[in-house]
Asker: 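Below are the structure tokens for one structure; questions will follow.
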Amino acid sequence: MWAKASTFSLFERAFLMFSLQADKFRQRQWSGWKHFLNDFIRRESVRTAWQLSKTTYDTDFQLFMDRKIAEILPKESPKAPVVENQLLHVGP
């Protein structure tokens, strides 16, 4: 958990630092961070650690992370219920 919290803090610092920069600079610098972040939050243990600790981070960063996690997670399509057609045969 400590390692994940440290990584969240690192991402928070980068997020806050790059959010104040000009678009061109931010696009160049932040793109590498986003790739690492996407890989990081695909892990279930990371998402669990985020849910447990997110209230300790900047509120804009919380919103960013929550949106990023929602965007990264595969969208589960609703599954149609399976109905088996069973006929009861009585007699000869």
Side-chain angles (χ1 to χ4, degrees):
M1 176 75 169
W2 182 86
K4 291 173 182 71
S6 295
T7 306
F8 293 143
S9 293
L10 184 65
F11 277 118
E12 177 189 39
R13 182 172 290 244
F15 171 81
L16 295 172
M17 184 177 71
F18 291 131
S19 68
L20 301 174
Q21 300 298 324
D23 285 343
K24 191 172 185 177
F25 178 82
R26 186 174 51 238
Q27 287 171 353
R28 283 194 332 255
Q29 295 297 314
W30 183 241
S31 65
W33 287 90
K34 283 195 315 188
H35 290 295
F36 180 63
L37 177 63
N38 290 345
D39 289 339
F40 186 61
I41 61 179
R42 279 189 169 90
R43 301 178 198 158
E44 186 176 344
S45 62
V46 169
R47 294 190 307 272
T48 300
W50 173 250
Q51 291 304 317
L52 293 171
S53 65
K54 73 179 184 178
T55 59
T56 63
Y57 297 97
D58 177 80
T59 54
D60 287 341
F61 182 65
Q62 289 177 39
L63 291 172
F64 170 78
M65 285 290 288
D66 288 342
R67 286 183 192 133
K68 190 54 102 170
I69 288 169
E71 159 185 317
I72 289 295
L73 290 177
K75 305 290 185 229
E76 291 189 27
S77 59
K79 296 180 179 164
V82 176
V83 179
E84 293 183 24
N85 187 5
Q86 295 180 351
L87 297 175
L88 179 59
H89 187 290
V90 180

Asker: With clusters defined by side-chain heavy atoms of hydrophobic residues (ILVMFWY) lying less than 4.5 Å apart, directly or transitively, does Tyr57 cluster with Leu63?
Answerer: no
Asker: Which distance, rounded to the nearest 0.5 Å, do you find between the NZ of Lys68 and the CD of Glu71?
Answerer: 4.0 Å
Asker: Out of curiosity, Glu12 CD to Gln62 CD, how far, rounded to the nearest 0.5 Å?
Answerer: 8.5 Å
Asker: Flag yes if more than 12 heavy atoms outside Arg42 fall under 6.0 Å of its CZ atom; otherwise flag no.
Answerer: yes
Asker: Rounded to the nearest 0.5 Å, what's the gap from CD1 on Ile72 to CE on Met65? Could you check?
Answerer: 10.5 Å
Asker: Do Thr48 and Lys4 have side-chain heavy atoms sitting under 4.5 Å apart?
Answerer: no
Asker: Do Thr7 and Phe36 have side chains that approach each other closer than 4.5 Å (heavy atoms only, starting at C-beta)?
Answerer: yes
Asker: Side-chain contact test, heavy atoms from C-beta onward, threshold under 4.5 Å: evaluate it for Phe64 versus Leu37 and give yes or no.
Answerer: yes
Asker: Aromatic rings Phe8 and Trp50: how do their planes relate, parallel, tilted or perpendicular, breaks at 30° and 60°?
Answerer: perpendicular
